[in-house]
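We count residues from 1, following the sequence as given. Values below: all heavy atoms of this structure, side chains included; hydrogens, waters and symmetry mates excluded. This one's a predicted model, so the numbers in the text were calculated from it and none came from an experiment.
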Amino acid sequence: MTAATTQPTSPTPVSPAVERVAGGLALLVAVGVLLQSVFAGGFIRAFYGSTMLGSSLSWHELGANATFGLLLVEAVLVLLTPLRRRTQHLVSGLVLGVLLTGVIGLGYVGGGSLAVHVPLAVATFGVTLWHAAAANGFTLRR
């Protein structure tokens with residue numbers, strides 16, 4: 001009786017097109033988060049005599065929701081493809097999703113949450129850069 005030998009299987013390769021789409025979506029999320037500071041600047045400027053209050057706040061809200069939507073699309077793409085095996089991409093996306101949820105939630109709470117909303121948004125942008133780098137093939141090493 002002979003023992004059946006099994007060869008270790010190599011991980012399923014990721015299509016370059018899927019990698020490019022996921023990387024592009026991560027970069028769009030980073031641009032979306034950056035644009036939130038621009039829209040917030042227009043909103044804050046309204047307190048100093050500008051007439052942009054309503055439109056900036058609307059764009060800030062719309063941009064935040066669109067950015068979160070892009071992150072969700074990327075998450076579905078990652079989870080349905082072999083990209084889910086790339087730990088930094090997966091972890092940075094998860095951390096970013098939690099932070100974006102918190103920032104958007106605090107935005108809907110209103111002005112009393114600005115002391116937490118703004119620093120959390122800055123931290124979110126830092127994580128967004130990490131995520132965009134990880135999604136485009138860069139890795140953090142010790």
Side-chain angles (χ1 to χ4, degrees), residues 2-48 50-142:
T2 60
T5 59
T6 57
Q7 295 292 331
T9 58
S10 61
T12 307
V14 180
S15 162
V18 170
E19 287 180 327
R20 281 193 299 274
V21 169
L25 284 168
L27 288 173
L28 285 173
V29 169
V31 168
V33 172
L34 179 62
L35 282 175
Q36 292 314 299
S37 64
V38 173
F39 300 140
F43 173 71
I44 291 168
R45 202 172 117 208
F47 291 109
Y48 299 103
S50 171
T51 59
M52 295 177 55
L53 176 62
S55 63
S56 290
L57 186 57
S58 297
W59 280 105
H60 188 67
E61 179 182 3
L62 179 65
N65 292 329
T67 300
F68 191 76
L70 285 170
L71 185 64
L72 287 178
V73 169
E74 183 195 355
V76 169
L77 176 69
V78 167
L79 292 174
L80 293 178
T81 64
L83 283 173
R84 66 183 169 275
R85 293 189 188 101
R86 295 190 179 166
T87 306
Q88 281 197 28
H89 190 168
L90 194 60
V91 170
S92 64
L94 179 64
V95 171
L96 182 56
V98 169
L99 287 174
L100 271 178
T101 300
V103 169
I104 291 170
L106 286 171
Y108 280 113
V109 168
S113 67
L114 281 180
V116 178
H117 179 81
V118 172
L120 190 60
V122 172
T124 300
F125 183 65
V127 172
T128 301
L129 295 179
W130 169 40
H131 179 66
N136 283 287
F138 297 98
T139 58
L140 299 175
R141 300 187 192 269
R142 293 182 198 195

Looking at [atom1] of [X] and [atom2] of [Y], how far apart are the two atoms once the value is rounded to the nearest 0.5 Å?
X    : Y    : atom1 : atom2 : result
L77  : L72  : CG    : CG    : 12.5 Å
T124 : L129 : OG1   : CG    : 11.0 Å
L70  : N65  : CG    : CG    : 11.5 Å
L94  : T87  : CG    : OG1   : 12.0 Å
L120 : L114 : CG    : CG    : 12.0 Å

Intermediate values then yes/no, side-chain contact (heavy atoms from CB on, under 4.5 Å), W130 and Q88: CA-CA 9 Å; W130 169 40; Q88 281 197 28; 3.6 Å; yes
Verdict with reasoning, L83 to L90, per side-chain contact (heavy atoms from CB on, under 4.5 Å): CA-CA 8 Å; L83 283 173; L90 194 60; over 6 Å; no
Residues forming a side chain to side chain donor-acceptor pair (under 3.5 Å) with N136, sequence neighbours excluded: none
Give me the atom names and distance for the closest heavy-atom approach of [X] to [Y].
X   : Y    : result
A30 : A132 : CB-CB, 4.5 Å
P82 : V14  : CB-CG2, 3.7 Å
F39 : W59  : CD1-O, 3.5 Å

Any donor-acceptor pair under 3.5 Å from S113 side chain to L106 backbone: yes
Selection residues 16-42 - residue pairs positive for salt bridge (Lys or Arg N to Asp or Glu O under 4.0 Å), sequence neighbours left out: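 Pairs touching residues 16-42 that pass the test: E19-R86.
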Criterion side-chain contact (heavy atoms from CB on, under 4.5 Å) on H131 and H89, from CA distance to verdict: CA-CA 6 Å; H131 179 66; H89 190 168; 3.4 Å; yes
Check: T128 and L100 side chains under 4.5 Å, non-hydrogen atoms: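 SC-SC contact between L100 and T128 ruled out.
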Working for side-chain contact (heavy atoms from CB on, under 4.5 Å), residues V29 and L25: CA-CA 6 Å; V29 169; L25 284 168; 5.5 Å; no
